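Computed from a predicted structure; not experimentally measured. Both counts, for ligands and for their atoms, begin at 1 and track the order of listing.
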Amino acid sequence: MDIHEWEQRHIEAFYNVKETIPYLDGMFVAYNSNIDAIKHFAEADLSKLIGLFKETEIMERIETYPREIKDPIDFMARLLISMREGKAAEIPTYNSDIHEWLKEHLGFDYAHMGGQAGIISNLLSSLRLKKVVVYVPWLSQEQAKYFVDTDNLWHPKVENGKVCLKHPPEAFKPKIESKVNWILEYSKNLNVSCDGKNFKVPRDNRLIISSHPKWLRLDMEREIYEQLNSIFPIDGAMLSGYQLITEKYEDGSTYQDHVARSVQVIEKLKSLNPELRIHVELTSIQNRVIRKAILTEIVAKHVHSLGLDTVEIANALNVLGHEELSYSVIMKEEYGITSIYQGAVQLLKDLSLERVHVHSLGFYICILVKDHPLTLKEHRDFLLFSSTLAAAQAIRGNIGNFMEAEVGLEVPISSDGIEGLENFKIYCVGRKLCTLEEFESGYLYGPDHDAVIIPTKIVNKPKATVGIGDVISAGTFAAMVSKIKQKKIINSLPV
Ligand code: AMP
Ligand code: GLC
């Protein structure tokens with residue numbers, strides 16, 4: 001692949017998308033926002049924590065692969081697993097003990113907007129979409145301060161039974177606590193040594209300890225649901241946070257109740273604008289029952305678009321009964337991209353989606369149904385645009401406007417990404433998914449789907465990795481929805 005050509009394509013795509021964004025009337029974003037307490041690990045922090053335990057105990061706990069943090073050793077075990085593999089994970093905790101323990105023994109460097117919906121709505125407002133309506137069922141006064149202060153960002157609020165749109169600082173619910181997650185960021189090459197085992201961390205990544213306080217409900221207030229028309233006009237919805245659904249609640253309700261209500265919201269949104277596109281952003285979901293329910297009951301048949309990373313692809317395939325494919329995605333060897341591509345195609349089919357967007361370190365793939373209304377070149381522009389956003393986010397930790405996003409254009413395309421794609425090229429051309437020239441453009445033509453693949457920019461020493469995936473998915477999806485809108489407006493103009 002010609003790296004210079006791809007650099008040029010990044011520049012063109014950035015300005016193409018910048019022009020189309022104003023066509024979008026509005027985006028709805030729900031449900032999860034929280035405060036992220038971010039800590040960057042130094043070797044000294046890690047050895048101090050390890051020193052608090054018997055090292056054999058940590059190693060034994062690693063073998064049990066805890067899917068929930070019940071005590072500090074569960075935490076240490078999942079931290080070392082995440083560091084050993086360089087793989088992000090989000091592990092729930094259902095009481096505040098670990099929060100107190102981390103505050104006492106580690107502390108954090110800074111607090112930031114967290115949660116996919118929080119990160120996405122801040123980004124889209126900063127990119128000056130006409131209107132962003134965010135909905136967080138547990139918007140506390142403190143949490144509201146983490147939203148950007150722009151005139152285009154709104155949150156629904158019930159006043160005397162009527163729903164009106166307010167800026168987040170005027171829409172919070174009084175007497176609500178804030179949800180705080182711990183983000184443990186670590187860097188490539190960090191040396192880890194525990195119980196005689198030594199390894200180097202293979203890539204920058206993080207472990208998230210996600211708090212699930214008892215009062216947390218992924219739900220929509222009845223009045224807001226009934227008057228959902230008050231948030232319109234909107235052209236797209238980006239939904240996330242379903243991982244916070246729990247199997248059973250103290251009040252006797254179950255995940256099925258919350259899943260059913262989530263679907264009702266989606267269906268109502270679509271009934272209010274049949275052309276509305278819905279995107280679900282997936283994240284690490286430890287509970288397999290919930291993971292399966294989200295995929296088969298919320299995503300399948302109800303939404304158009306899915307965004308996820310490679311670990312999430314493997315996890316999704318696993319609960320959908322594709323263990324072998326799931327395993328080969330996780331193995332990530334030379335043929336890693338091939339498995340990721342096959343896995344994403346499988347998800348498109350199994351879940352009846354219009355598009356599946358996978359982001360990985362060095363490349364993105366987007367699988368599309370054959371009859372998608374936009375061209376592959378347009379889809380390629382959306383991916384390239386978000387590669388620039390991701391680079392800007394990695395450098396700055398935050399994107400406040402288009403000028404700050406432009407900084408991403410200066411980041412070079414990853415040579416590892418290009419190399420990985422060269423291997424994938426052999427598979428694609430051999431399977432007649434494309435000609436060599438088509439591959440150079442990033443276009444694949446499968447029997448029942450099309451696909452776009454791009455090499456991406458990578459920042460060497462990112463400020464933080466948390467939230468970059470959300471930025472990628474939000475940038476691409478917003479770009480796509482605005483293009484659909486732009487074409488509709490242009491086509492309806494009198495000739
Ligand atoms: P997620 O795991 O969903 O948060 O997504 C993380 C994504 O962010 C990866 O798949 C990469 O595409 C992107 N990313 C991570 N680190 C960097 C970096 N240093 N520079 C640019 N993009 C990055
Ligand atoms: C999840 C986490 C949140 C983090 C976000 C980043 O939503 O719960 O803490 O900010 O992912 O993608």
Side-chain angles (χ1 to χ4, degrees), residues 10 29-38 82 86-93 108 111-123 136 143 146 178-188 203-212 216 218 238-244 281-286 306-315 332 340 357-365 383 386-398 407-408 411-414 416-417 420 454-476:
H10 268 85
V29 186
Y31 292 83
N32 60 329
S33 99
N34 58 268
I35 298 169
D36 277 346
I38 303 181
S82 176
K87 290 204 172 111
E90 177 167 342
I91 321 294
T93 185
F108 59 91
H112 208 265
M113 169 59 96
Q116 295 135 300
I119 294 167
I120 291 172
S121 50
N122 271 359
L123 172 81
V136 181
Q143 176 72 75
Y146 285 78
S178 301
K179 169 172 158 54
V180 179
N181 286 358
W182 283 80
I183 315 295
L184 295 318
E185 293 265 347
Y186 49 79
S187 306
K188 186 174 171 172
R203 65 169 268 200
D204 298 324
N205 225 324
R206 81 275 158 179
L207 174 76
I208 300 180
I209 304 303
S210 166
S211 68
H212 285 229
L216 200 74
L218 195 107
M238 297 200 70
L239 305 176
S240 57
Y242 297 116
Q243 71 275 12
L244 297 170
E281 185 61 19
L282 223 57
T283 186
S284 164
I285 310 163
Q286 295 299 313
L306 184 68
L308 68 183
D309 68 19
T310 51
V311 177
E312 290 151 12
I313 283 238
N315 290 343
K332 229 190 188 182
I340 290 166
H357 176 188
V358 186
H359 47 81
S360 185
L361 200 62
F363 65 92
Y364 309 154
I365 302 186
L383 297 186
S386 63
S387 161
T388 303
L389 292 186
Q393 176 78 14
I395 298 177
R396 305 179 40 84
N398 185 44
V407 172
V411 174
I413 289 174
S414 146
D416 286 354
I454 65 154
T456 65
K457 294 170 176 283
I458 292 195
V459 173
N460 246 333
K461 288 196 170 26
K463 179 141 189 241
T465 63
V466 67
I468 306 182
D470 305 332
V471 165
I472 296 168
S473 293
T476 317

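Atom 2 (O) of ligand 1 has Asp309 OD2, 2.7 Å as its closest protein atom, hydrogens excluded (heavy atom only). Nearest protein heavy-atom contact of atom 21 (C) of ligand 1 is Lys457 O, 3.5 Å. Among all protein heavy atoms, the one lying closest to atom 7 (C) of ligand 1 is His359 ND1, 3.6 Å. Closest protein heavy atom to atom 6 (C) of ligand 1: Gly469 N, 3.9 Å. If you check which protein heavy atom lies closest to atom 17 (C) of ligand 1, you get Leu361 CD1, 3.7 Å.
Of the possible polar contacts, none joining the Asp309 side chain to the His359 backbone as a donor-acceptor pair under 3.5 Å is found. With Asn122 contributing its side chain and Tyr146 its backbone, the two residues share a donor-acceptor pair below 3.5 Å. No donor-acceptor pair closer than 3.5 Å links the side chain of Lys457 to the backbone N or O of Ala391. Distance alone, capped at 3.5 Å, is enough to place a donor-acceptor pair between the Asn181 side chain and the Ser211 backbone. A donor-acceptor pair under 3.5 Å links the side-chain atoms of Ser82 to the main chain of Lys87, judged by distance alone. Judged purely by atom type and a 3.5 angstrom limit, Ser414 uses its side chain to pair as donor or acceptor with the backbone of Asp416.
Residues Tyr186 and Asn205 are in side-chain contact: their nearest non-hydrogen atoms beyond the backbone lie under 4.5 Å apart. At a threshold of 4.5 Å between non-hydrogen side-chain atoms, the residues Ile38 and Val466 count as touching. At a threshold of 4.5 Å between non-hydrogen side-chain atoms, the residues Asn32 and Lys179 do not count as touching. No side-chain heavy atom of Ile120 sits less than 4.5 Å from a side-chain heavy atom of Ser473. With a 4.5 Å cut-off on side-chain heavy atoms, His357 and Leu383 count as touching.
Residue contact annotation: Arg206 has a non-hydrogen atom under 4.0 Å from ligand 1. Residue contacts with ligand 1 include Ser360, since one of its heavy atoms falls under 4.0 Å from the ligand. The closest approach between Ile472 and ligand 1 falls below 4.0 Å for a heavy atom of the residue.
Residue Ala394 has at least one heavy-atom neighbour below 4.0 Å for each of these atoms of ligand 1: 18 (C), 20 (N). The Tyr364 neighbourhood of ligand 1 comprises atoms 12 (O), with distances under 4.0 Å to a heavy atom of that residue.
Contact shell of ligand 2 (protein heavy atoms, cutoff 4.0 Å): Asn32, Asn34, Asp36, Glu90, Gly114, Gly115, Gln116, Ile119, Asn181, Ile183, Ile208, Gln243, Val466, Gly467, Asp470.
Considering backbone and side-chain atoms alike, Val459 places an N or O below 3.5 Å from some N or O of ligand 1.
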